[in-house]
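See structure below.
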Amino acid sequence: MKAVGARLPRYDGVGHATGRTVYVDDVRVNRMLHVKALRSPYHHAAIKRLDTSRAEQMPGVAAVVTHADVPLLVYGHLSALGIPADEPLLASEDVRYKGQPIAVVAAEDTDAAQAAVDAIDIEFEELPALFDMRKAFDDDAPQIHHWGPIYPHFEGEMNVRQIRKGNIDEAFEQADKIIQGVYRPAAIEQMPLETQVGLSVPEPDGRFTIYSCTQALYFSMGVVAAHLQQPLNKFKFVGGTVGGGFGGKVDTATETLCTLLAQKSGRPVKWRWTREEEFLCSSTRAPWHMEIIDAVSNDGWILGRKMLTLHDAGGYARFSPYGVTKHSFHHTGAYTIPNLHFDGYVVFTNRVPTSAMRGYGVTSVSFAVETHMSRIAEELGVDPFELRLKNANRIGDTSPNGITYTDPSTVDVLHALAGATDTELAAPYSDTTREMRHGEWLPEHLVGQLGDPEDH
């Protein structure tokens with residue numbers, strides 16, 4: 001307990017400050033090969049012909065890998081949880097985003113690898129592309145994905161993540177005002193200082209030692225093992241310092257292909273993405289389209305919420321179903337709303353596939369909810385702190401998916417914010433606590449949603 005509240009030096013601070021910290025790209029192995037990738041120049045196209053024979057004969061080239069070399073071409077990070085995968089490790093029949101990898105080359109240096117990539121004979125048939133997720137539902141929208149325009153594998157093979165709570169129709173009938181808004185945070189590149197990089201070393205006993213910058217070591221090990229159809233004990237993952245990830249390095253971007261090339265060449269293989277590749281091809285935080293319609297009373301109670309969310313997954317699902325699920329559980333923010341009607345869709349477009357970034361699925365909806373709360377306060381002419389304190393989660397309140405709160409922090413945080421901004425709260429808001437609702441803090445519309453915190 002001596003560490004609690006104490007100012008302790010970072011265990012890795014000296015190494016970072018003096019440049020002695022070892023990252024994956026600092027690891028050097030004898031006879032190491034370097035990788036370049038043939039990537040799609042189109043946002044959406046069919047692959048009509050692929051011939052790597054000339055590239056394989058180029059000087060300095062040790063191995064070329066295409067989809068035909070992958071034992072299990074389609075596998076995802078969530079496959080082990082029973083969630084269907086849709087993205088091939090290397091494109092085979094079509095490409096669905098600009099920069100999608102089609103083939104990789106391992107050569108003595110990056111110049112030789114790039115020359116071999118340029119020598120690959122490939123023919124495309126460019127197809128119409130879609131970039132606006134709102135148009136994916138139109139009858140004339142380009143067909144992007146073999147599953148259709150939206151992800152269809154939520155529980156019960158539904159194409160929508162739903163939350164239903166209370167009686168939404170009754171809430172809107174009782175409302176004094178209906179306040180709505182549309183919120184559309186854009187894609188964000190995580191921008192790690194260290195780009196995606198991996199090194200796979202074949203060992204004499206047939207195993208592979210893989211140096212990885214992944215944020216999810218065992219996820220990545222499972223992905224590599226599945227694609228290569230090998231047991232986990234064939235791989236030793238060496239993690240350690242991640243030069244910035246923020247969610248983007250949950251993806252297994254380099255390790256599997258480096259290992260396939262190492263297996264084929266019998267030599268160590270390193271692949272370091274350029275900054276251009278990081279911006280062009282790495283996953284981003286997803287763009288979201290969120291429509292919120294709230295039923296509110298003149299005295300500041302939120303009686304019900306209808307919400308529609310579109311999540312732009314890009315060309316493939318990756319972690320998007322998980323992100324929308326987290327999003328759905330948090331779509332009321334830090335506030336208790338007893339009547340809910342939420343529909344969330346994972347939509348396919350020809351953007352680069354999206355993935356995690358800093359509170360995946362929650363940060364974007366928090367932005368929307370807090371902006372909407374300020375809009376409600378303005379529409380009603382009430383103090384924004386008082387509106388938030390009135391509707392704040394308390395012990396015994398229940399979440400959108402029916403979980404009883406036992407230790408909510410909303411009231412305490414709002415009091416701290418008020419103090420930090422020199423905002424003087426009037427009674428009774430200055431005296432509110434997070435304890436179970438009673439008296440004026442338990443209006444009739446909130447009684448039915450209460451749970452028993454002792455049961456959790």
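All values below come from the heavy atoms of this structure, side chains included, with hydrogens, waters and symmetry mates left out.
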Crowded around [X] [atom1]? As in, over 12 foreign heavy atoms under 6.0 Å?
X      : atom1 : value
Gln162 : CD    : yes
Tyr360 : OH    : yes
Glu276 : CD    : no
His438 : NE2   : no
Tyr218 : OH    : no
Glu424 : CD    : no

Side chain Gln100, main chain Arg96, donor-acceptor under 3.5 Å: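 It does hold such a pair.
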Asp312 (side chain) donor-acceptor with Pro287 (main chain) under 3.5 angstrom: no
Passing candidate, side chain to side chain contact (heavy atoms under 4.5 Å, CB included) with Arg305, options His341, Lys165, His331: His331
Shortest non-hydrogen contact between [X] and [Y], atoms and distance:
X      : Y      : answer
Val242 : Thr214 : CG2-O, 3.7 Å
Tyr23  : Gly243 : CE2-CA, 3.7 Å
Thr259 : Ser200 : OG1-OG, 3.0 Å
Val27  : Leu199 : CG1-CD2, 3.6 Å
Pro128 : Pro142 : O-CB, 3.7 Å
Ala377 : Pro384 : CB-CA, 3.8 Å

Quick one about [Y] and [X] (side-chain donor to acceptor, distance below 3.5 Å, no hydrogens or angles considered), yes or no?
X      : Y      : result
Thr18  : Arg20  : yes
Glu255 : Ser220 : no
Gln449 : Thr398 : yes
Thr325 : Arg161 : yes
Gln180 : Asp294 : no
Asp176 : Ser297 : no
Ser364 : Trp288 : yes

Residue pairs fulfilling ring-ring contact (aromatic ring centres under 6.0 Å, His included) with at least one residue in residues 370-425, sequence neighbours excluded: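 Qualifying pairs, neighbours excluded: Tyr183-His372.
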Salt bridge check, [Y] against [X]: does any charged N sit closer than 4.0 Å to a carboxylate O?
X      : Y      : answer
Glu435 : Arg394 : no
Glu291 : Lys306 : no
Asp383 : Lys390 : no
Arg285 : Glu189 : no

Verdict with reasoning, Thr256 to Val223, per side-chain contact (heavy atoms from CB on, under 4.5 Å): CA-CA 8 Å; Thr256 311; Val223 169; 4.1 Å; yes
Aromatic ring pairing Trp271/Trp273, orientation class (parallel under 30°, perpendicular over 60°, tilted between):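 Because their plane-to-plane angle lies in the 30° to 60° range, the rings of Trp271 and Trp273 count as tilted.
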Pair [X] + [Y]: ring centers closer than 6.0 Å:
X      : Y      : result
Tyr211 : Phe237 : no
His327 : Phe329 : no
Tyr429 : Trp441 : yes

Extract all donor-acceptor atom pairs below 3.5 Å that involve side chains of residues 73-86 and protein atoms in other chains or at least two apart in sequence.
{"from": "His77", "atom 1": "NE2", "to": "Val250", "atom 2": "O", "distance (Å)": "3.2"}
{"from": "His77", "atom 1": "NE2", "to": "Thr252", "atom 2": "N", "distance (Å)": "3.3"}
{"from": "His77", "atom 1": "NE2", "to": "Thr252", "atom 2": "OG1", "distance (Å)": "2.8"}
{"from": "Ser79", "atom 1": "OG", "to": "Gly76", "atom 2": "N", "distance (Å)": "2.9"}
{"from": "Ser79", "atom 1": "OG", "to": "Gly76", "atom 2": "O", "distance (Å)": "3.2"}
{"from": "Asp86", "atom 1": "OD1", "to": "Ala317", "atom 2": "N", "distance (Å)": "3.4"}
{"from": "Asp86", "atom 1": "OD2", "to": "His145", "atom 2": "NE2", "distance (Å)": "2.6"}
{"from": "Asp86", "atom 1": "OD2", "to": "Ala317", "atom 2": "N", "distance (Å)": "2.9"}

Listed once per pair and sorted, the side chain to side chain donor-acceptor pair (under 3.5 Å) pairs that draw on residues 230-239, sequence neighbours left out: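 For residues 230-239: none.
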Gap between atom SG of Cys213 and atom CD of Gln196 - 0.5 Å precision: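 Answer for the CD-SG pair, Gln196 versus Cys213, is 5.0 Å.
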